[in-house]
Amino acid sequence: MIVDRDVEISQLAAMFTESAGGSGTLAVICGGTATGKTELLHLLCNQATAQGFQALTAMGSPMEQPFPYALVEQLFPDVGDIAEHEAPATPPAAGHLGPSPGEPCVPPRVLRHVYRKAEQLATQAPLLLAIDDMQYADSASLQCLLYLIRRFRTMRISLVVTESTHRTADQTLLGELHYQRARRIPLGALSRAGVVRLVAEEMGEETAERLADEFLAVSGGNPLLLRALIQDSTHHRGPATEPPRVLISDAFQHAALACVHRSGPHYVNIAHGLALLDSHGVPTLLGELTGVSPQTAAQGVEALEEAGLLHDGRFRHPALRSAMLGDIPADTHTSLLRRATRLLHEEGAPQTVVAARLLECGPLGEDWEAPLLRAAADHFLVAGQGSSAAHCLQLASRCCSGDEAQALVFKAAAAGITWRLDPKTAVSQLQSLAVSAQEGAIPLATSLQLIRALLWNGLEDEAVKVADGLPTTGDEQQSDPLLLTTWIRLASTYPGALRRMGGPLLAVAPEGFPTASETDPPQLTAAHAVFSAVTGQGVESIAAQAELVLQYVRLGQQSMEMPLSALHALIYIDQLNLADSWCDQLLAQSAKRHAPAWDALLLSTKAMVTLRKGNLPAARDQALDALSRFPVEGWGVSLALPLATLIEANTAMGEYDAAAELLGRPLPDAAFQTRYGLHHQYARGRYHLAMEQDQAALACFLSCGEQARAWGLDSPGFVPWRSGAAEAWLRLNKPAQAAELLNEQLERAQPWQPRAVGSALRLLAATRTSAQRPGLLSRALEMFQAGSDRYNMARTLADLAQAQQQLGKGGEARQVVRRAWRLAQECGAEQLLRVLRPALPYDRSASCGGQKTMRVESLTDAERRVALLAAKGLANREVAEKLFITVSTVEQHLTKVYRKFRIKHRHQLPASLGFDDADIA
């Protein structure tokens, strides 16, 4: 089926009419390779035959081009026999048209024979001479045809030839052919309408219209490529339930190779060179690679562009480039690739482009390779191409044959990236590097990074050996920020391992609390922030330090160690909303980088935030999502953290079987010598409490506290082990022991740790008289509101309702129970709902009438909106943000609401105020 050629066909049909009337005609069909010239010529032969023409056909071939009369013998077979008995003619005088230098002239008898043979045939019936690929005609045949053309003006002969735009035949004689009244008929790429027609034949009109643009973009409108693409798309389509789509497979790639090889060996070399250089195949570079002049290279690019293989000098689809690369002979591929790599570097191509070629061909033995690969690795990381970055660094290590230390630095960096992709492989790489580090072969900065990587992966013994083998060069190391940063990081996260280490890390340990400076590098600032948060010292600027670090972080340029330290610092000082916001921002960055390891660690951190804010189902889902993003082997000792979140969340939700299964999951032994292990130990204690295993719970909390104090990580905002142990003591009817621990927690807690203060006050109320309890519980409720902890707000309200009931305040108790019930439902706290259910009034709507209704109706719309949000547990600042008003306005509205309801505290607000949450908007 021929499409998009109606105009050309009509022009050629008119030419046949002229010839049938006694006028000789000549047409040249030209165009890029495989643009349909041969197909059109065959159609013309059929049409001419149907009109009574005699059709004689011939085809030029580059293989036969050196042989005299190879083409004309296909038209007139006896020409060769006559020529054998004739001596070559005398060359024409200078300035006269003739063959190229070195080519023999055709004897006159042969020329006249060709003419008479054509004349004889034309007297019998109109004659069509159809010649395909005229650019490959031999010189003798061209001379014969030229002799005929000059004499057939009044004969019933049509000569139609096809030729490529960029021809290689005798230009002098071809030029003369064009001079002889030839119609030039160019064939270009198919239009969109033509593509639709061809695709519709095989795939239907609806599919053709939907996919036409994609078919056109991939094939470039080349009929041969388009048909092959249709074949691939129909033969390899998916299930019948799925809509058809454009598919690229063998047929398309074979068709592309056919296009190039039909153009000739010269263009094959050009195509191979372009595939190696890709988008950097400028004529100068391409010519130098393929051994031709820039002009010839540019001509080759233009020819491939006309054939639809290229667009703007590049292969229009990666599959085309892959096909050309696969077509390069194996014995020349490596040498060509190495040469292309050097040329690209000399030309100043982007580092990632040169690096990609080096990864294919291996080291060249040049001094510039290792630095370039290191820089390219950074670019690949920013682009989210971790695998390419790791390969670059591994190759860079092979380019450092004379510098073993630098080679090991590159290997260590590669191992860090490999961890994100293949944790098992990374562990073996780290163990190998540890051996080199123990021998002192790795520079200090890399050795310190290696120590932290080994500890993360639970290889504590190896890390201690590397630390003990660090080079000692004198007092200046004590002020080295790298050593200090590592000491602080280890002290806050791997304190158990740090205690076993000697050498420079022991020497750099500060005598007192390490002080932070505005001039500290971000890595040190992040380490300071989390260290301050877990120790409870130097706390004034933790939030500012953490935010400074997080503003500096760009995922892909640094490891996750620095942003995680800053986020954990915010969590431990109860800046939960701030931590949540930064988690979301970093997750958005990570999504663009396609980095599952970063996604996992950030989701685990966000789950910690969500748990502390009291949204139990969301915390569980986020922690599960985190674990699903990354292999268990990659988590190392930090696996304890998402497991701890899951255990706490499931326990509070009443999912005890799930919590028990999680507690049974194995952890590296080294995990319990880390900060993460304390989280896990605390979660285990919460589970034992829920299961009423009070002695086991007490043992867990006291063990957790003992370790935290021994390591100096005893901030109540980090792991509130004292309140956990106090709850167990209360269950065991030991209020004095509970009160002692709770008073300690209150003394250690800072104003910026409202959750720790609230936990202590809530439990301390249980050690006091009935009259004292409501006051303590009200203060605890305010603390949990300030800390955005809705689950503990619900627990406190439950305790408050019980205290009011004991004081005979049944009405107030019922209101508080309803609020507790409502918050517990929102938190998904099934365990607490089971406790509250017996105390919940049977008729929960009864309180909506009477005096309360009158009081609700007395509120203004603004007062009602503020009161509803306050009753839901939002702090004044959160209410202000939600309603876009100032905190002062919120306080004024609440004062009026309290007066109208004759109450003193926000926890006394009714659970229902007569309108839905939607009324807030």
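Since the model is a prediction, treat every value here as computed from it, not as a measurement.
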Search all heavy atoms of [X] against all heavy atoms of [Y] and return the closest pair with its distance.
| X | Y | result |
| --- | --- | --- |
| Gln831 | Ala690 | NE2-CB, 3.3 Å |
| Ala820 | Ala794 | CB-O, 3.7 Å |
| Ala491 | Leu713 | O-CD2, 3.5 Å |
| Tyr687 | Ala660 | OH-CB, 3.5 Å |
| Pro423 | Glu633 | CB-C, 3.8 Å |
| Leu667 | Ala640 | CD2-N, 3.7 Å |

Any donor-acceptor pair under 3.5 Å linking the side chain of [X] with the backbone of [Y]?
| X | Y | answer |
| --- | --- | --- |
| Gln745 | Ser723 | yes |
| Ser759 | Ala756 | no |
| Trp821 | Ala798 | no |
| Thr651 | Ile647 | yes |
| Thr493 | Leu490 | no |

Of all residues at least two apart in sequence or in a different chain, which pass the salt bridge (Lys or Arg N to Asp or Glu O under 4.0 Å) check with [X]?
| X | value |
| --- | --- |
| Arg629 | Asp599, Asp625 |
| Glu891 | none |
| Asp580 | Lys606, Lys613 |
| Arg795 | Glu727 |

Quick one: [atom1] on [X] to [atom2] on [Y], what's the gap to the nearest 0.5 Å?
| X | Y | atom1 | atom2 | answer |
| --- | --- | --- | --- | --- |
| Asn650 | Leu663 | CG | CG | 10.0 Å |
| His680 | Leu646 | NE2 | CG | 10.0 Å |
| Tyr676 | Leu639 | OH | CG | 11.5 Å |

Please identify which of these residues, [options], meets the side chain to side chain contact (heavy atoms under 4.5 Å, CB included) condition with [X].
| X | options | value |
| --- | --- | --- |
| Val866 | Asn876, Val879, Leu874 | Val879 |
| Leu781 | Leu761, Leu776, Thr796 | Thr796 |
| Phe718 | Val530, Val534, Thr535 | Val534 |

- prompt: Between Tyr494 and Ile451, is a side chain to side chain contact (heavy atoms under 4.5 Å, CB included) present by the stated rule, with each step listed?
  reply: CA-CA 11 Å; Tyr494 307 103; Ile451 288 170; over 6 Å; no
For residues 564-576, please give each side-chain donor-acceptor pair under 3.5 Å, one per line with the distance, not counting sequence neighbours.
from	atom 1	to	atom 2	distance (Å)
Ser565	OG	Glu561	O	2.9
His568	ND1	Arg675	NH1	2.9
Tyr572	OH	Arg675	NH1	3.0
Tyr572	OH	His679	NE2	2.8
Asp574	OD2	Arg755	N	2.9

message: Run the side chain to side chain contact (heavy atoms under 4.5 Å, CB included) test against Ala786 and tell me which residues pass, sequence neighbours left out.
response: Pro754
field: By side chain to side chain contact (heavy atoms under 4.5 Å, CB included) - contacts of Ala875 (at least two apart)
entry: Glu878
message: Listing request: all side-chain hydrogen bond (donor to acceptor under 3.5 Å, both in side chains) pairs with a residue in residues 698-709, at least two apart in sequence or in separate chains.
response: Gln681-Ser703
query: Can you check side chain to side chain contact (heavy atoms under 4.5 Å, CB included) on Leu627 and Trp635, steps first, answer last?
result: CA-CA 9 Å; Leu627 290 174; Trp635 287 89; 3.9 Å; yes
query: Got a sec, which residues hit side chain to side chain donor-acceptor pair (under 3.5 Å) with Thr486, two or more places apart in sequence or on another chain?
result: Arg452
- request: With sequence neighbours excluded, tell me which residues meet side chain to side chain donor-acceptor pair (under 3.5 Å) with Glu812.
  value: Gln804, Gln908
field: Side-chain donor-acceptor contact under 3.5 Å, Gln622 with Thr610
entry: yes
statement: Residues pairing under salt bridge (charged side-chain N to carboxylate O under 4.0 Å, His left out) where one sits in residues 690-704, two or more places apart or in two chains, turn out to be Asp694-Arg731
Would you be so kind as to tabulate the donor-acceptor pairs closer than 3.5 Å made by side chains of residues 763-770, with sequence neighbours excluded?
from	atom 1	to	atom 2	distance (Å)
Thr767	OG1	Leu764	O	2.6
Thr769	OG1	Gln772	N	3.4
Thr769	OG1	Gln772	OE1	3.2

task: For atom CG of Asp669, decide whether the heavy atoms of other residues, nucleotides or ligands shown that lie under 6.0 angstrom number more than 12.
output: no
- request: State whether Arg500 and Glu460 are salt-bridged, where the test is any N-O pair (Lys NZ or Arg NE/NH1/NH2 against Asp/Glu carboxylate O) under 4.0 Å.
  value: yes
